Engineer: 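To start, I am sharing the structure in question, which I have written as structure tokens.
Note that ligands are numbered from 1 as they come in the structure, with each ligand's atoms numbered from 1 the same way. In this chain, numbering begins with 1 at the start of the sequence shown. Quick caveat: nothing in here was measured; it's all calculated off a predicted structure.
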Amino acid sequence: MYCTKAITNDITWVGADDRRLALFEGVYGVRDGVSYNSYLINDEKTVLFDTVDKAVSRTFFENLAHALNGRALDYLVISHMEPDHAATIDELCVRYPKVRIICNAMSRDMLGRFFSNGLTERCTVVKEGDSLSSGKHNFSFVMAPMVHWPEVMMTYDSTEKVLFSADAFGSFGALNGRIFADEVDFMHDWIDEARRYYTNIVGKYGSQVQAVLRKAATLEIDYVCPLHSFVWRRGFGDFLEKYMQWSAYKPEEKGVLIAYASVYGHTENTANILAGKLSDLGVTVKMYDTSVIPSSYILSNAFRYSHLVFAATTYNAGIFVTMEDLLHDIRNHNLQNRKVAFIENGSWAPTSGKLMREIIEPLKGTQVIGDTLTLRSSLRDDQLGELDVLAKLIADDIGASPIPKPVEKAVVEQLEVANEAFFKFSYGVEVVTTKVGGKDYGCVINTAAQVGSGSPKTVTISVIKNNYTCEMIGKAKRFNISVLTEEVPYALLKRFGFQSGREVDKFEGLDYDNRMTNGIRYIPEYTNAVFSCEVIGSFDVGSNMLFIANVTEAKELSKAPSCTYAYYHAHIKPKKAPAAPTKEGYLCKVCGYFYEGSELPADFVCPLCKHGPDAFEHIAPPKVKMVKGFVCQICGYFQPYDGDKLPDDYLCPLCSHGPEYFTPAEQPAQ
Ligand code: FEO
């Protein structure tokens with residue numbers, strides 16, 4: 001049965017997922033599978049872009065037959081001759097004997113070598129800039145050598161502004177019923193596999209990728225259709241930016257990858273101690289044991305981080321085998337511009353440090369930090385200082401700041417800190433918004449302030465760490481601030497303030513989708529100004545994260561007065577009708593959430609508005625005087641009586657039963 005997906009009215013995905021493949025290209029584990037994409041254009045002529053791997057040929061041919069709906073196949077365009085996309089070309093030509101193959105000269109040569117049944121005679125050879133029309137659709141061909149083989153060719157459909165991008169912009173991972181990248185949180189859930197795919201498949205060919213990106217920059221593109229993974233129709237800029245970084249061998253993050261090879265744990269122990277020291281200095285660290293983690297994952301993270309530390313024992317007078325494999329993999333993938341350090345171990349003749357350095361140092365732009373640390377079996381006490389020096393050198397090079405110690409709580413608790421006093425600050429009320437992986441996030445804050453008036457101007461915002469928006473700003477490193485006016489309705493504040501972006505789409509149901517030039521939404525109603533900001537620093541202040549940011553764009557939207565936090569409390573926040581509490585607990589003064597219990601945990605966070613214990617007031621129901629007595633088990637009558645048992649001659653005034661039918665009880669006094 002067919003299983004196709006519509007891309008546009010004319011373009012249908014006729015590819016297939018493979019989740020049984022253990023190793024892609026025989027080397028890369030793909031535990032989440034892989035997709036082989038093929039696209040059919042139904043125009044006056046029918047045009048197919050590439051076939052699929054042999055393993056999924058049955059699904060592919062069923063999909064193709066369904067999408068053709070009885071029509072003949074006129075053209076097959078070959079983007080790439082690697083058999084994961086070309087293995088079924090011969091069977092395609094048997095099933096569709098009139099199909100004409102459109103390819104470049106190198107693909108035609110490869111076709112003749114992969115297959116021996118005269119397929120080359122069907123070929124129409126095209127070159128850079130040549131074009132083809134299928135009726136309504138006009139295609140032009142863009143050569144993309146070495147992305148990932150020399151014959152690779154992309155095609156641009158100027159009618160629907162589609163780039164058929166071959167292996168570029170693909171990823172490992174099957175599609176799981178989705179087809180568009182904006183149907184998943186790609187930049188959050190898929191980017192690691194996309195990086196592993198890029199770095200391992202085409203990481204070596206950065207300059208060729210850059211050349212193709214320069215050509216693509218001249219095209220107006222609405223859709224990107226790669227040969228693996230999702231089709232892009234919106235939010236492509238974030239992913240394109242990653243490609244720019246990866247292909248230029250620029251690290252994505254300042255941080256340290258530590259890869260270690262350790263036979264009996266002593267080298268690993270040293271790596272762990274170094275990681276601890278780096279972490280104390282505020283450096284992000286990612287560690288991998290080369291004996292456990294396949295090198296494709298470590299290579300991918302070597303492209304991600306700015307600094308690399310390799311620690312390996314000496315083995316057979318060389319480098320321990322799994323580390324040697326990794327280093328050759330990194331060398332063969334042409335990684336550049338990294339700061340590296342080495343730790344070697346050897347009980348009698350340590351040589352691995354020198355040998356590791358010989359493999360890595362020739363890579364362009366490589367800088368070695370510090371001296372190779374030599375272990376003789378294990379780290380000695382007097383070598384801890386050497387690790388301190390190495391950690392400090394790396395942290396200084398990164399520009400890391402030690403993680404600040406939490407504020408001493410005892411000092412705060414000794415003094416009175418009245419919550420109401422903070423309402424006197426003339427804070428504004430704002431909605432801060434950001435975007436990650438094509439999804440929009442936002443929350444209410446009352447902490448935006450200008451802190452620098454130079455060029456660019458600088459602002460700060462402080463966001464509660466438990467807010468999902470805080471996490472997303474940390475990832476996106478950019479945000480917009482919408483400054484709210486006094487007319488703002490409580491419903492808007494509830495929408496962005498009293499629910500979590502983890503569970504709901506806070507923008508759902510809004511009838512506007514206004515965005516600044518950075519692509520991030522803002523609130524156009526009840527807003528008098530909007531700012532676009534790029535994060536330049538952040539500081540953990542315990543409950544909140546303080547972001548410092550440059551303003552890249554700012555607009556005044558109206559002259560209406562800004563809503564202050566005091567105005568919100570006085571005029572917007574609904575007044576609660578005083579009601580006699582019936583249970584003991586704690587009431588959130590910000591959103592009205594009630595926590596039932598006699599003690600509020602010190603680390604409690606309001607599940608609605610995310611404020612901490614300071615925002616809660618203790619509510620205790622009035623004490624009720626209880627009266628001791630006995631209750632009749634027959635009719636329920638309560639007889640007040642302060643004694644151990646009712647008199648023997650007592651009779652219930654309602655049902656006339658004697659004291660043997662009464663049990664002790666207490667009731668509130670009337
Ligand atoms: Fe997906 Fe280079 O083949």
Side-chain angles (χ1 to χ4, degrees), residues 13-39 48-57 59-60 76-90 92 101 103-104 106-111 113-115 141-155 163-175 179 181 190 193-209 211-213 216 224-232 239 243 246-247 296 299-300 303 329 332-334:
W13 176 85
V14 293
D17 282 332
D18 185 355
R19 296 185 191 80
R20 287 206 162 179
L21 181 67
L23 295 173
F24 183 79
E25 293 188 358
V27 61
Y28 306 116
V30 280
R31 65 176 180 204
D32 294 323
V34 67
S35 75
Y36 303 107
N37 296 343
S38 170
Y39 305 93
L48 182 70
F49 281 85
D50 299 284
T51 65
V52 296
D53 190 86
K54 266 274 189 263
V56 294
S57 63
T59 306
F60 164 67
L76 165 70
V77 176
I78 298 177
S79 306
H80 185 15
M81 271 304 298
E82 192 168 8
D84 53 333
H85 310 292
T88 40
I89 290 177
D90 57 344
L92 182 90
I101 296 174
C103 63
N104 59 32
M106 195 173 280
S107 285
R108 184 191 53 188
D109 292 347
M110 287 185 179
L111 201 62
R113 294 197 290 271
F114 274 112
F115 304 104
F141 302 106
V142 180
M143 301 304 130
M146 301 319 297
V147 187
H148 136 234
W149 279 13
E151 87 298 357
V152 169
M153 176 178 92
M154 297 184 183
T155 302
L163 182 68
F164 294 94
S165 63
D167 270 345
F169 306 115
S171 176
F172 294 134
L175 293 172
I179 188 66
W190 290 77
E193 280 298 84
R195 181 189 302 105
R196 190 165 70 92
Y197 168 87
Y198 171 87
T199 54
N200 284 280
I201 303 297
V202 285
K204 180 180 179 69
Y205 305 110
S207 58
Q208 289 88 342
V209 173
V212 169
L213 292 178
V224 177
C225 293
L227 287 176
H228 300 284
S229 194
F230 297 104
V231 170
W232 290 83
F239 193 34
Y243 259 67
W246 296 336
S247 57
S296 71
L299 173 87
S300 174
F303 270 70
D329 213 11
N332 293 339
H333 281 84
N334 198 26

Engineer: With sequence neighbours excluded, what pairs up with E82 under the salt bridge (Lys or Arg N to Asp or Glu O under 4.0 Å) test?
Structural biologist: none

Engineer: Indicate yes or no: at least one non-hydrogen side-chain atom of D167 is less than 4.5 angstrom from one of V152.
Structural biologist: no

Engineer: Would you check, one step at a time, whether the test ring-ring contact (aromatic ring centres under 6.0 Å, His included) holds for W232 with F169?
Structural biologist: CA-CA 9 Å; W232 290 83; F169 306 115; 8.3 Å; no

Engineer: Pull up every protein N/O/S atom sitting under 2.8 Å from atom 1 (Fe) of ligand 1, skipping waters.
Structural biologist: D84 OD2, H85 NE2, D167 OD1, H228 NE2

Engineer: Going by heavy atoms in the side chains, are D50 and Y36 under 4.5 Å from each other?
Structural biologist: no

Engineer: Name all residues meeting the salt bridge (Lys or Arg N to Asp or Glu O under 4.0 Å) criterion together with D17; count only those two or more places apart in sequence or in a different chain, and write none if there are none.
Structural biologist: R19

Engineer: Could you tell me which residues satisfy side-chain contact (heavy atoms from CB on, under 4.5 Å) with M110, sequence neighbours excluded, listed by chain and number?
Structural biologist: M81, M106, R113, F114, W149, P150, E151

